[in-house]
Amino acid sequence: MLLIDLQRAIDDPRWAAEGPRNTPDAEANVARLLAAWRAAGHPVIHVRHDSVEPNSTYRPGTPGHAFKEEAMPAAGESVVAKRTNSAFIGTGLDDLLRGRGIIALVVAGVITNNSVEATVRMAGNLGYATTVVSDATYTFAKRDGRGRLWSAEDVHALSLANMDGEYATVATTETVLATLLPG
């Protein structure tokens with residue numbers, strides 16, 4: 001399981017400046033997945049965004065840099081620090097996965113149309129069998145270049161559609177939990 005950018009930074013109101021997020025149960029679904037993943041003995045990798053932008057909510061040394069309670073790493077779980085939207089750029093994630101013989105990923109986290117999609121696209125291109133958990137990811141409303149405001153639900157749906165079939169399979173928490181086998 002690859003958990004992306006599930007840090008307190010995402011709760012800063014600046015993220016919802018254009019409108020509220022979607023998937024209000026995402027953190028609860030992440031917690032369910034994480035508990036089941038750990039119980040099955042499967043590896044968990046946490047991706048932490050270490051922003052170099054001075055005003056970023058994800059900047060190290062700020063309260064937002066800490067992991068969210070529902071996605072707190074346990075002893076022995078890997079934490080991969082990234083500075084770009086893709087967890088594969090400049091991080092050693094690919095080497096870590098291949099070194100452990102991991103060829104399939106289940107991805108949850110934020111933001112669907114940014115770090116999740118960038119990471120999933122690269123995972124697909126690198127040959128990983130990737131599943132994106134649709135109700136354990138979320139995003140925010142976004143204004144396009146023409147000024148039209150798109151709801152978080154629409155942005156989320158389009159991002160999932162971009163990934164589904166080409167780079168990954170999109171599934172719900174219930175579907176992933178139903179197929180989870182012990183380590």
Side-chain angles (χ1 to χ4, degrees), residues 1-18 21-23 26-27 30-31 33-34 37 43-100 102-134 136-145 152 155-156 158-160 162-163 166-168:
M1 175 170 287
L2 191 63
L3 300 176
I4 300 174
D5 297 354
L6 286 164
Q7 295 160 255
R8 293 180 184 162
I10 202 65
D11 295 332
D12 188 288
R14 290 180 276 177
W15 290 102
E18 295 283 0
R21 65 175 254 198
N22 68 312
T23 324
E27 288 89 348
V30 166
L33 288 163
L34 195 50
W37 218 255
V44 177
I45 298 171
H46 302 263
V47 176
R48 184 188 68 224
H49 190 73
D50 290 353
S51 180
V52 295
E53 298 296 322
N55 295 322
S56 174
T57 60
Y58 280 97
R59 192 171 48 81
T62 66
H65 189 251
F67 284 102
K68 292 178 77 90
E69 190 63 36
E70 300 88 350
M72 195 66 66
E77 292 176 347
S78 296
V79 175
V80 173
K82 70 178 181 67
R83 292 188 171 159
T84 66
N85 54 7
S86 174
F88 286 98
I89 302 293
T91 65
L93 177 60
D94 188 41
D95 290 337
L96 174 68
L97 295 169
R98 294 192 193 284
R100 292 183 179 178
I102 297 171
I103 58 171
L105 301 173
V106 172
V107 177
V110 296
I111 295 175
T112 315
N113 56 301
N114 193 325
S115 293
V116 171
E117 187 169 344
T119 299
V120 167
R121 283 173 177 260
M122 195 152 201
N125 286 330
L126 290 170
Y128 292 96
T130 305
T131 300
V132 178
V133 188
S134 61
T137 55
Y138 61 92
T139 192
F140 298 90
K142 186 160 182 70
R143 195 169 299 279
D144 68 20
V155 174
H156 184 73
L158 186 55
S159 182
L160 292 174
N162 288 340
M163 293 181 272
E166 182 75 17
Y167 304 100

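Source: prediction; values computed, not measured. All residue numbers in this chain count up from 1 along the given sequence. All values below were derived from every heavy atom in this structure, side-chain atoms included, with hydrogens, water molecules and symmetry-related copies excluded.
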Ignoring hydrogens and angles, tell me if any N or O in the side chain of Trp15 forms a donor-acceptor pair with the backbone of Ala9 under 3.5 Å. yes
Under 3.5 Å side-chain donor-acceptor pair for Tyr128 and Asp94: yes
Is there a side-chain contact (heavy atoms from CB on, under 4.5 Å) between Asp50 and Arg59? Walk through the geometry before answering. CA-CA 6 Å; Asp50 290 353; Arg59 192 171 48 81; over 6 Å; no
Give me the one residue out of Thr139, Thr137, Asn85 that meets side chain to side chain donor-acceptor pair (under 3.5 Å) with Asn113. Thr139
Testing the basics here: between Met163 and Val132, what is the closest heavy-atom pair and its distance to 0.1 Å? SD-CG2, 4.0 Å
Between Ala108 and Ala136, what is the shortest heavy-atom contact and its length? CB-O, 3.4 Å
Answer with yes or no whether the side chains of Lys82 and Ser115 bring together a donor and an acceptor at under 3.5 Å. yes
Are His65 and Tyr58 side-chain neighbours, meaning at least one heavy-atom pair lies under 4.5 Å? no
May I ask you to test the Thr57-Arg14 pair for a side-chain heavy-atom distance under 4.5 Å? yes
Hey, does Leu33 have a side-chain heavy atom less than 4.5 Å from the side chain of Met1? yes
Can you name the nearest heavy-atom pair linking Met72 to Phe67, along with the distance? CE-O, 3.5 Å
Any non-hydrogen side-chain atom of Val30 less than 4.5 Å from a side-chain atom of Leu3? yes
Just by distance, do the side chain of Thr112 and the backbone of Tyr138 share a donor-acceptor pair under 3.5 Å? yes
For the pair His46 (side chain) and Leu6 (backbone), establish whether a donor and an acceptor sit closer than 3.5 Å, ignoring hydrogens and angles. no
Using a strict 4.0 Å threshold on nitrogen-to-oxygen distance, state whether Glu27 and Arg21 make a salt bridge. yes
Where do Pro60 and Ser51 come nearest, in terms of heavy atoms and distance? CD-O, 3.3 Å
Return each pair, listed once, that meets salt bridge (charged side-chain N to carboxylate O under 4.0 Å, His left out) where at least one residue sits in residues 106-126; pairs must be two or more places apart or across chains. Glu117-Arg121
Answer yes or no: is there a side-chain heavy-atom contact under 4.5 Å between Ile10 and Asp5? no
Let me see the working for Tyr167 and Thr130 under side-chain contact (heavy atoms from CB on, under 4.5 Å), right down to the final yes or no. CA-CA 7 Å; Tyr167 304 100; Thr130 305; over 6 Å; no
Using side-chain contact (heavy atoms from CB on, under 4.5 Å), reason through Val106 and Val133 one step at a time and then give a plain yes or no. CA-CA 7 Å; Val106 172; Val133 188; 3.5 Å; yes
Side-chain contact, heavy-atom cut-off 4.5 Å: Pro73 with Arg48? no
Dump the intermediate steps for side-chain contact (heavy atoms from CB on, under 4.5 Å) on Val116 and Ile111, then the final yes or no. CA-CA 6 Å; Val116 171; Ile111 295 175; over 6 Å; no
First locate atom CD1 of Ile103, then atom CG of Leu97, and finally report the distance between them rounded to the nearest 0.5 Å. 11.0 Å
Evaluate whether atom NZ of Lys68 has more than 12 neighbouring non-hydrogen atoms of other residues, nucleotides or ligands under 6.0 angstrom away. yes
How about CG on Leu96, more than 12 heavy atoms from neighbouring residues, nucleotides or ligands closer than 6.0 Å, or not? yes
Residue pair Phe140 / Ala152: nearest heavy atoms and the distance that separates them: C-CB, 3.5 Å
Hey, does Val47 have a side-chain heavy atom less than 4.5 Å from the side chain of Leu2? yes
Thr119 side chain to Ala87 main-chain N or O, any donor-acceptor pair under 3.5 Å? yes
Determine whether the side chains of Thr91 and Arg83 contain a donor N or O and an acceptor N or O closer than 3.5 Å. no
Does Ala74 offer a backbone N or O that forms a donor-acceptor pair with the side chain of Glu77 under 3.5 Å? yes
